[in-house]
Amino acid sequence: MELAAGKPGFLRNIVVRFLLFSLLVVGVRFAYVITIRGESCRLGDDFCFLSSSASPENHDIVTAAGGRIGSSSVTLNPTAAASPEFRKRVMFYITVFQDLIVDGFLSTKSKSLCVETPVGDDVYALREIGVDDSVGIHKKASKPLVINGLGHRNPFEDNTFDFIFSGDSALDKSEKAAEFASEIERTLKPDGYVVVHTASIDTYSFNSFIRLFNSCSFIRSRKIDGFGSENPQIHEIVMKKQTGVETTSFSNTNRCSVVPGYKQELLKKAEPLIESEPLKPWLTLKKNIQNVKYLPSMADINFKQRYVYIDVGARSYGSSIVSWFKKQYPKQNKTFDIYAIEADTHFHDQYRNKKGVTLLPYAAWVRNESLVFEINQTPGDENVVKGRGMGRIQPVKSGGGIVGSTDVIQGFDFADWLKNTVTEKDFVVMKMDVEGTEFDLIPKLIESGGICLIDEVFLECHYNRWQKCCPGVRSPKYEKSYGQCLDLFRSLRQQGVLVHQWW
């Protein structure tokens, strides 16, 4: 009888404990809604205290009828609203923005802009968590969330937004990354935050990204899981706009004295230099191209202002520009501005009307002065093209006694030209084949700091190598030794330059 009498009390205790636990869960949920979600009841909530309506349709994330999603009053395009992909992306962005609110980079009062958002899923997510003053831009408007505008040319006034977001690797895909970044900085208020999602995760591209922003300071970066097979992992970068920040000009001649870590990483991955002098250099050096680790094969070259290829000693248009750079160099779908530096007038006509190619019909040199240009016709020289030998330059004052066809040409200060043509924000590739003048040009580039502006170098170093025509006989054309060439390559790598031995 006592056991029977105790049964109702035992059940009552269980019911009471269950009710207390339920109240605790509800209380925690209420605190979450108020403090984290900005006092808003939004899409995907299982229950909510602040909703004006408890009808089921107000809690569906996506409904086909009328394109209404969640508790938002925004009416979307029915096609977009009914898409499972849209639902997935909205939920992803809600999670991202909630984290940013918790970390203090975003608030419900932030005037916000989402850049290059085709259907406004990120804008919708912002409004769902209570950031009501938000809008997106895209080349094709998708009202009411997205209006017409471009990442590199948006329609807003200076200092308009507290928060700007660029998702879906939009900056990665932009062909005008520098202008894109500039527009973000222009329209962001001082002390405002910009958050960018990029697919680039290596340190080289990260350094390039930071240099795009002149007036923003880096706050943090993190890797987060993306959505779908196309976005397995996303690199999220947060920056803050500062006041009184100006871009420093390139002037320090010892700029390369301390090699940054991202360049050191590339050099560790580079192919080793050929330490022993090849007995058959015409074979060894040509085979070495198979070992070359191109920079774009090791790192992402996004986030550059321009992409530039400089061919010093270009010779014919079909030589290295067409046969190698255009066909073989991995450009990651970037369009390069090409500069061909060639003093030999024999090849100048080939560059007429070549789109994207600028011919500099002079000789790269260490200063601006007149030079003697010699066409050398060494018997058995494999570089002779259709009877045209390779050109070498010398100052006029030391040009006496030269044998062969000679002309007086104009030399120009290559290091000075380089520093006035490209910047640290550009991606610059240089091929140099100047018949021994590299022993003048490279030291000047290092001394002036101009070498720091070049990302990758393909250098043919000329020395008294063994001749193909005559076993056991060295070429009389050049005085330098293979050891001196190695010193030249080593000096470049010590400066953080990714240089390759070329032929």
Side-chain angles (χ1 to χ4, degrees), residues 74 76-77 79-80 85-86 89-90 93 96-97 106 110-127 131 133-190 192-200 205 208-216 230-231 234-241 247 300-307 331-337 356 423 425-427:
V74 177
L76 302 177
N77 180 295
T79 302
E85 179 68 16
F86 187 86
R89 293 169 69 89
V90 168
Y93 285 128
V96 168
F97 294 140
L106 174 66
S110 298
K111 186 176 180 65
S112 304
L113 171 68
C114 295
V115 185
E116 295 286 4
T117 174
V119 295
D121 36 24
D122 43 4
V123 181
Y124 194 90
L126 281 171
R127 296 188 182 184
V131 188
D133 193 1
S134 55
V135 69
I137 58 170
H138 191 258
K139 62 181 178 181
K140 184 178 180 181
S142 182
K143 294 181 178 181
L145 299 178
V146 182
I147 66 173
N148 183 261
L150 298 172
H152 62 272
R153 189 175 66 253
N154 73 51
F156 302 104
E157 298 293 331
D158 297 356
N159 305 318
T160 299
F161 298 99
D162 304 294
F163 176 83
I164 297 181
F165 177 73
S166 173
D168 199 23
S169 301
L171 188 53
D172 302 44
K173 302 169 186 175
S174 175
E175 295 182 356
K176 299 180 179 180
E179 291 90 335
F180 195 116
S182 178
E183 282 294 88
I184 287 177
E185 291 189 306
R186 181 183 67 80
T187 54
L188 186 65
K189 294 179 181 178
Y193 291 96
V194 53
V195 176
V196 177
H197 282 183
T198 170
S200 300
S205 62
S208 302
F209 175 91
I210 295 300
R211 286 188 174 183
L212 280 181
F213 293 85
N214 297 329
S215 60
C216 286
E230 294 182 0
N231 301 278
I234 293 172
H235 189 188
E236 180 181 86
I237 303 173
V238 181
M239 304 186 76
K240 183 178 182 179
K241 184 174 179 179
T247 304
D300 194 327
I301 61 172
N302 275 322
F303 312 128
K304 294 293 187 177
Q305 183 171 268
R306 294 171 64 210
Y307 297 86
K331 293 178 279 293
Q332 294 187 7
N333 296 319
K334 306 299 183 184
T335 300
F336 279 71
D337 297 327
T423 73
K425 294 183 179 182
D426 300 328
F427 181 76

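Here the structure is a predicted model, which is why all the values come from computation and not from measurement.
With sequence neighbours left out, the side chain to side chain donor-acceptor pair (under 3.5 Å) criterion links Ser110 to Ser107. Shown here are the side chain to side chain donor-acceptor pair (under 3.5 Å) partners of Lys331, two or more places apart in sequence or in another chain: there are none.
Of all heavy-atom pairs spanning Gly149 and Pro155, the tightest one is CA-CD, 4.2 Å. Contact record, Val119 with Val146: C-CG2, 3.9 Å, taken as the closest heavy-atom pair. Of all the heavy atoms in Glu185 and Leu212, the pair that sits closest is OE1-O, 4.4 Å.
Atoms CZ and CG, on Phe165 and Leu106 in that order, are 10.5 Å from each other to the nearest 0.5 Å. Residue Asn154 holds its CG atom at 4.5 Å from CD1 of Ile137, rounded to the nearest 0.5 Å. Expressed to the nearest 0.5 Å, how far CZ of Phe213 lies from CE of Met239 amounts to 6.0 Å. Atom CG of residue Leu145 and atom OG1 of residue Thr117 lie 8.0 Å apart, to the nearest 0.5 angstrom. The structure places CD1 of Ile164 at 9.0 Å from OG of Ser112, a figure rounded to the nearest 0.5 Å. Distance check: Cys216 SG to Leu188 CG gives 6.0 Å after rounding to the nearest 0.5 Å.
For His197 and Glu236, the side-chain atoms include at least one donor-acceptor pair closer than 3.5 Å. At a cut-off of 3.5 Å, with distance as the only test, a side-chain donor of Asn159 or Lys241 sits close to an acceptor on the other residue. Between Asn214 and Lys425, the side chains place a donor N or O and an acceptor N or O closer than 3.5 Å (distance only, hydrogens not considered). Between the side chains of Asp172 and Thr198, at least one donor-acceptor pair of N or O atoms lies under 3.5 Å. With 3.5 Å as the limit, one finds a donor-acceptor pair spanning the side chains of Ser200 and Asp300.
When atom types are taken as modelled, the side chain of Gln305 and the backbone of Ala178 share no donor-acceptor pair closer than 3.5 angstrom. Between the Glu116 side chain and the His138 main chain, no donor and acceptor come within less than 3.5 Å of each other. Within the 3.5 Å criterion, the main-chain N or O of Val131 finds a donor-acceptor partner in the side chain of Ser134. No donor-acceptor distance shorter than 3.5 angstrom exists from the side chain of Thr160 to the backbone of Phe156, with no hydrogens or angles considered. At distances below 3.5 Å, not a single donor-acceptor pair connects side-chain atoms of Lys139 with backbone N or O atoms of Pro118. In this structure, the side chain of Asp426 engages the main chain of Arg306 through a donor-acceptor pair within 3.5 Å.
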Candidate pair Lys334 and Ile301, rule side chain to side chain contact (heavy atoms under 4.5 Å, CB included), full reasoning: CA-CA 9 Å; Lys334 306 299 183 184; Ile301 61 172; 4.0 Å; yes

Worked verdict on Phe163 versus Phe97 for side chain to side chain contact (heavy atoms under 4.5 Å, CB included): CA-CA 11 Å; Phe163 176 83; Phe97 294 140; 4.2 Å; yes

Verdict with supporting geometry, Asp133 and Lys111, salt bridge (Lys or Arg N to Asp or Glu O under 4.0 Å): CA-CA 5 Å; Asp133 193 1; Lys111 186 176 180 65; 3.6 Å; yes

Side chain to side chain contact (heavy atoms under 4.5 Å, CB included) evaluation trace for Leu126 with Cys114: CA-CA 9 Å; Leu126 281 171; Cys114 295; 3.6 Å; yes

Val115 vs Leu113, side chain to side chain contact (heavy atoms under 4.5 Å, CB included): CA-CA, chis, key distance, verdict: CA-CA 6 Å; Val115 185; Leu113 171 68; 4.0 Å; yes

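Ion pair Asp122/Arg89 not flagged as a salt bridge, since none of the NZ, NE, NH1 or NH2 atoms sits closer than 4.0 Å to an Asp/Glu carboxylate oxygen.
For His235 and Phe209, the gap between ring centers reaches or exceeds 6.0 Å. For Tyr93 and Tyr124, the ring centers sit 6.0 Å or farther from each other.
Pairs engaging residues 146-158 under the salt bridge (Lys or Arg N to Asp or Glu O under 4.0 Å) rule: Asp158-Arg186 [sequence neighbours left out].
Around atom NZ of Lys176, no more than 12 heavy atoms belonging to other residues, nucleotides or ligands sit under 6.0 Å away.
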